[in-house]
Structures are given as C-alpha cells and as structure tokens.
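Computed from a prediction, not measured in an experiment: that's the story for all the values here.
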Amino acid sequence: MDMNEIKEIFFQECEEQLAELESGLLRLNDGDRDPETVNAVFRAVHSIKGGAGAFGLDDLVSFAHVFETTLDCVRSNKLEPNQDVLKVMLKSADVLADLTNVARDGGSVDQARSAQLIRELEALAKGEAPPAAAPVAAAPKAAPVAAAPAPVVSDDGFVPVAFSFDDFGDDDVSADLPAYDVVFKPKSELYTKGNEATLLLRDLSRLGEMSIHCNMDSLPPLDQMDPEAAYFSWKVSIKTDKGEDAVRSVFEFAEWDCDLEVAALESGDVAEATGDDLPMQPVPFDLSALDDELDAPLGVVEEEEQIAAVQEAVAAAEAASNVVQMAASASRGAASDKGAAAAAAQNNAQQASAAAPTIRVDLDRVDRLINLVGELVINQAMLSQSVIENDSNGVSSINMGLEELQQLTREIQDSVMAIRAQPVKPVFQRMARTVREIADITGKSVRLVTEGENTEVDKTVIDKLAEPLTHMIRNAVDHGLEMPEKRIAAGKNAEGTVKLTAKHRSGRIVIELSDDGAGINREKVRQKAIDNDLIAADANLSDEEIDNLIFHAGFSTADKVSDLSGRGVGMDVVKRSIQALGGRINISSKPGHGSVFTMSLPLTLAVLDGMVVTVAGQTLVVPLTAIVETLQPDAAAIHSFGATQRLISIRNSFCPLVDVGRILNFRATQANPVEGVALLVESEGGGQRALMVDAIQGQRQVVIKSLEANYTHVPGIAAATILGDGRVALILDVDAVVSASRGQSLHTETSLAAAG
Amino acid sequence: MTLLAKNLTNGERELIAFRIGDQEFCVNVMSVREIRGWAPATPMPHAPQYVLGVINLRGAVLPIIDLSARLGMKPAEPTVRHVIIVTQVRNRVVGLLVEAVSDILTIKDEDIQPTPDMTSEFERTFARGILAIEGRMICLIELEAVFPHIESEAA
C-alpha cells in the first residue's frame, strides 16, 4: 500500500468525520446537550487533525487545531454551546470541509474567511476560559451566598448564561461527582507509536480534579535499563461528572498499547482519596465556615467581626461568581447526566446499531456484480421462454423450478441494487451548508428542516441530485423567502423555513422542497413571459401553467441579477437534469404561503419500467414515466394539418401526431394512425404529443445497457436493453423524438441520406 | 491453436484470414476477441448503411459492421453461414460480418508487401499491405481505419 492509497483512505475517512461533525453540530444546535454528542464532534475534528498532521497538511492541521481547542472548551463545559457559538462552529465545519477538499484536489480556499473564523474561534476559546486555579468544586458552595451574582461579561462579547440556583440541589456537588481510580501502565509500543503519556495525562486532567501518583517501582538500575522500554505506571484518582466513558476516551487512541484499569469508587472512598493525597490547589476560601458565622447569634459575634465577615463574604462571592458560570454548566451536566441516564442507554443502543460492521468496496466491483445479475435476469427470462415454447403441458416440474429460479433472481437483483442504494443524507447535509451560506449573503434568516434523510436511492441518482437541488435551494432562499422585515409585516416568523423531505412512493423516490415564502408572483411571471416572447400577450393560462413557465429556458424573475441565482439559467437547467435522471418535477405555489417543488425520481438508473412496443417490425421500449396515457385512435379523431402534419383530437384538444417509425427512419412513409396505437407523452417543453406505434407488446422492467460503450450516441435512442428472447431492443428517447417532430432535425442530413 | 502461442516476439505475427466474396482479407489476431455465428441484429435508426445493427453479446450491446459494405463492395446478405469476428479497437468492441474465416497465418513482418500505388485512396486507407500466401493474395486490413467514424460521431 503506498502513500497515495493511505492518503485516499484518510480523505474518505475525513468525509465521514465531516459528516459526523456537521450532524453533531446540528444536533447541538437543536438543543441536544448530550456530552456524547459533544465528544463525537470533538473526536471528528481531532481525527481529522491527527490524520492531516501525518500527511503534513499544515493548513488543515492549524485550522483543525484552533477548532479543536474551542470544541474542547465546550467539552469541558467552559463554553456554553449557544446559537451564536454554534453558528461560528458550523461555519468552521464548512471551512474545514473546504480545506479538506483543497488538500485533496488542490485549488485554494478563501483565506480571509478562514482567518476570520480562526479569530472568532480563538475569541470563543479564550472568552470564558476561567482562571485555571479556580476549582470547580468551590463554586457550588459559593453560589448560595452570591445571591446576586454579577454577570461575567468578557470583552469578547460572551453572553452569560442565565441559570437557576435550583440547579444546586445539593450544596456539596463535588462529593456527588463520581470518582474513578485509573491505573495507566503504558507499554513500550505506546512510545514507539509516538504517543506521549504526559499528553494523555494532561487530557485526563481536563476532565476534572485529579490526583496522580507515578509508580516507579519497576524502574531497574541504570545498567540494566533498556532505553526504549516502558517502566513507569501512573495511578490517578479523578473526580469527574463526565462518566467512565469520558475517562476511557482519553486513552482511546492508546488503549491497545497500555494496561488501563478504570474503576469507579464508592463515595466513601472518594472522601478518603481526596482527603488523603489530593495535591489540588487549595480552595481559596471556606464558605461553610462563613455560613456558620452568619448563622450564629449576633450576640456571640462582635459587630466588627460580622461586618468583616460580610465583606469577606461579598469578596468571596464576587470571586466565586467568576466560577459560577462553569459551575452552572457543570451542575447542569450532572443533572442531565442523571435525568438522561435512560436516554444515554438508548443512545448507546442506537450507536450499537449504527456501528453495524461495514466494508469498503470498489464501486467497480459492485457495478460488475450488478451487470452480472442483469445477465442472470435476462438469461432466466430466456430460459423460461424456451421452456414454455418446448413444453406444451405447462405443468412440468421444470416449470416449477423455473418459477422458483425467477423468484430467486428477482431477490438477488433487489439485494444487489440495495448495495448501491445510499441514504440521501449526505446530499441533504450539503444543502444545509448551502442554506447557511446563502442566508448569510442575502441577510435572511433561514432554517432548513430535513425529513426522511435516510431514504435510500441509487448512488448515481444521489450524485446527480446534488446540483439541481443546490440550485433549487438557492432559488428558494434567494427568490422564495422574503426579507425578515417583509415577513414580519406579513405576520410571519422572521425566520424563513425551507423544508426538504424525501420519501419512497410507488417504486420512486419523491423529493419535496418547500418554502414558506411569498410564493410565485404570477403577474410578474406572466409579464416576464410576455416580455421574453414565451407566450402571447393575450394568452389565457391557468395558474398552474403560469407556475410552470419558470421552467422555460431563459427565464428569471429576480429584479436584479444576483450572484446567487437569477442568471436566467435557473429552473430550465434544473428541469433538464431531473429529466435526464428519468424524473419529473412539478411546482405548486400559493401566493403568500410559499412554493412546493416536487421531484419524482427513479430509484435506480440500472433498470427502467418500460412499455414494449412494435414499430415497423422493430421492438422498442418507451419509458413508462414519459407516457401519460395510451389510446386507440379513431379515424374521425385524426385531422390533417398542412402538408404533412396530422393532429389527433383528444377530449376536444388537438395534439400533434408523431410517427415514431418515420422519425427513426424505420419506414419511408407515414403509417396509418388508425391501424396503430397512440401513446400520449409529455415532453420537456411541457407540451403533449401523441406518439404513433404499431402495437403494444406489454410492460416490463428492463435492464439498461449503454449503446455508447461500443457504438455511439444514436439520436432519438436513449439506450438499449436485452429482451427475454436475447435480442437487443432500443429504448426510445422521448424528448428527442418530440423535439425532432417539431422540425428540428434528429440527425445530420448526410447520414440520413446514407441511411436512406 | 498451439500456433498462437508461438513466436510472437521475433518479428512474427499471427493473422486471421477471412473471405468476403472472392477476396481474402486478414486482421491481426491480437485484436480478435472471438468468432461467432450470425444472429439477427437489431437495426439502428440513422445508422450508416454498413452498420447492420446491434446484437447481444453476453449482455453487452455489440454493433455489427458489414465489412463488405464498409470496404465499398456489395452489401452482404447475411445467412446462417456468415460469421461475426468480434474485434476490439481501442476501447470499443465491434463485430465484423464476413462470409467465412479461412485461415490462421503466421507471417514475418517482411512478408507484408506495400499496397501498390495504383490503388485508389479509398482502398489505401483500409489496406495496411498485401500478402502472397500459396498463390493467394490476402489484404491486411487496418482496423483503426475501419471505424474512425465512431470517434467523430460521438463528438
């Protein structure tokens, strides 16, 4: 395995870590305060930093380091992850992703942006870092005295967190903190791998109060000493509210190279342990003594003494209020620990299920397997067909076996397709970033709500989905949502909501993008369409037709062209890319309430539901998604129009007839429509056409085969497939055929002549 | 088949000779993947006349070229006795329809005679050279020249 391969694996892992990071931050943003979430976020950044360091990616390392430091403040409860903090962190996650991409693919990042974020992160990290000497344990005792704690406001604009004293049910929180005895005995491998016991112990010390004892008993005399061996072990007593997992996680990168024992202590032991050998910073004031004095009858204590005591108390209280902050969050952490014990257990269960073993497989291998299974399906169909032809009874045991084989192949096909299926989550997560960025640029406040992000769909579809979706999200935020002032004036929440949902519906994936903005301004759209000669000035259009005008090429309603959208290459491009995936897109809009875009896409690009038809003796497959209805034309319904055009009247509207055989040059003259079948199709332009074919053979699922691989693109043909009889059938490109019928040539004249 | 394994290094090469009408042609054996019987092809719309259509080759879509028509001769009327030589040119696999495979030849490079000057430009694009074997004349075909259209049309 060479360096590049290792690097590739690192980047793959980075992607996973970044996804983990972002989803963790979003969970925090939604109010999740589970320490495990914070840890997961921290670990993600930490792993990226570690890997990047190994590859000498300095930019990445330095940014990740600052990010990590700030996250560490959150992890150690020194920094409350409120909305403002998370906003910076989400942006940092974006920059981290950018840096990773740059490290992989080259290019450059917005230096100013990352520098700015580094400053913000550092400010956050420094902002409320409390004096190192002030022990957390002292704070709860001080708090009840500090009846009106002066809010600690730092220069960096740190917003103090309001807390209730009720949180301090127990005065002596420190006694409640679970204590652990950690025995840490590194093996020499730990050092050979570049780990450092000091750093691990330092990390451990961040979890809480600890006392540490180094056991040097096994240190041999100098002449017998192996300079590379490990002789020391450490015994640590630590009091922390973060649980045994947190303690263990400090050693998580070293656990194979050391003997580690972590044992929870009974509270009695704690007192003893802490009382005996804790070389902690002494608590600077003893408030319990103060309390006693205050409680004592006035007569016993001299007045001066009392005043002095009170002054002392006030001073102490002020000093204490510095740490109240962190004490509050600490105790909250402790409280949530107890309250969320059940939740944590549940979380663990979730993690266990999420961490089901997976393997990385080359996409090529999966594709080969999918191809082979496609062959199997075709072969099985061929076999059945020939058995049916040769077996007149139709009830032989061969038939039974064949049926079972058919079921098995179906099942194999489904399972293989499932390998390629991936949740849409990564794409949706990317959209979250898009929304953040555009909201920033436009100065709007936007919340992205995603639903059904675990809906699975073929990887190819996912890959091709990102671009149109980004475009639509941009449109939704830039054009759809109003500015906050306008929203408030309209009686809406100042924060706009963009909702992205995915779900399975009848063998397709349906993705819905809705916003609660102003909806489509139909008057404006209509005027614009008239200005751009898309429709006649007196055209009578339904609301739906007007809405669909935005899918026309060269259409943009934004008053001014912005950086984001509105360059007139908007929705028509989106529609085309969705259609290229075999999907459809629809819009419905309510003025004042927002718009909903609905996309329906096939679950896979490897198979397709098609209608098998006969045209001029050839078998063709028409994608079922394109067909609106099929009908047997009546002679009376066919009307000639001009020299060659013919129209068919369907429920009093006229629809051009397109002879597929003629367009594809399978026959020289137009067929008689009455002898054939008309397939009513809807095409790119939104218009309907009736495609004339000779007969319908049936409907079936076909495996898509590339024509381009060995031949070349054929106009009017989307791809090929292999039918049950082993012959190749061509899959019709409905849009190309329809546009050819509009007079645009399907192919160059020369080759038509050559073919004719 | 032992011939195939022999002596490909010291200036010798293996060729597959086949017949179209009363003429014999040959191609380098290294570009031939397999030889199979004729199967009805699915015609392609708007294809040049020499493209008979596509067939299913174990799941891949294989275009079939009527070599006779491609070389400017009379279009073939495929029968069950015709064979398809499946060849690989660059990354594409293409089937050539010929009347029959006649021989496998082992020749030296110096056995290849240049095409005579008198031949027209058209023939010279396809013919790499001619061989005289046992009183027969066999034309060595340059496969790259047979399918250049595939590249240009794909653009």
Where is the tightest heavy-atom contact between A:V728 and B:I55, given as atom of each residue plus distance? CG2-C, 3.3 Å
Would you compute the distance between atom CG of B:L62 and atom CG of A:N710 and round it to the nearest 0.5 angstrom? 6.0 Å
When rounded to the nearest 0.5 angstrom, what is the spacing between NE2 in B:H46 and CD1 in A:I663? 7.5 Å
Which atom pairs, donor and acceptor, lie under 3.5 Å between side-chain atoms of residues 29-40 of chain B and protein residues at least two apart or in another chain?
unit_1, atom_1, unit_2, atom_2, d
B:S31, OG, B:N28, O, 2.9
B:R33, NH1, B:Q88, OE1, 3.3
B:E34, OE2, B:R58, NH2, 2.7

Expected output: side-chain A:R727 to main-chain B:A41 donor-acceptor under 3.5 Å: yes
With heavy-atom distances below 4.5 Å as the criterion, would you say the side chains of B:V61 and A:S706 are in contact? no
Would you mind telling me which of B:P43, B:A60, B:G53 has the largest number of heavy-atom pairs within less than 4.5 Å of chain A? B:P43
Quick one: does A:Y711's side chain get under 4.5 Å of B:V94's, heavy atoms only? no
What is the minimum heavy-atom distance between B:P45 and A:V714, and which atoms define it? O-CG1, 3.4 Å
May I ask you to test the A:L707-B:P63 pair for a side-chain heavy-atom distance under 4.5 Å? no
Under 3.5 Å: donor-acceptor pair, side chain of B:T42, backbone of A:A729: no
Could you tell me whether A:D362 atom CG has more than 12 heavy atoms of other residues or ligands within 6.0 Å of it? yes
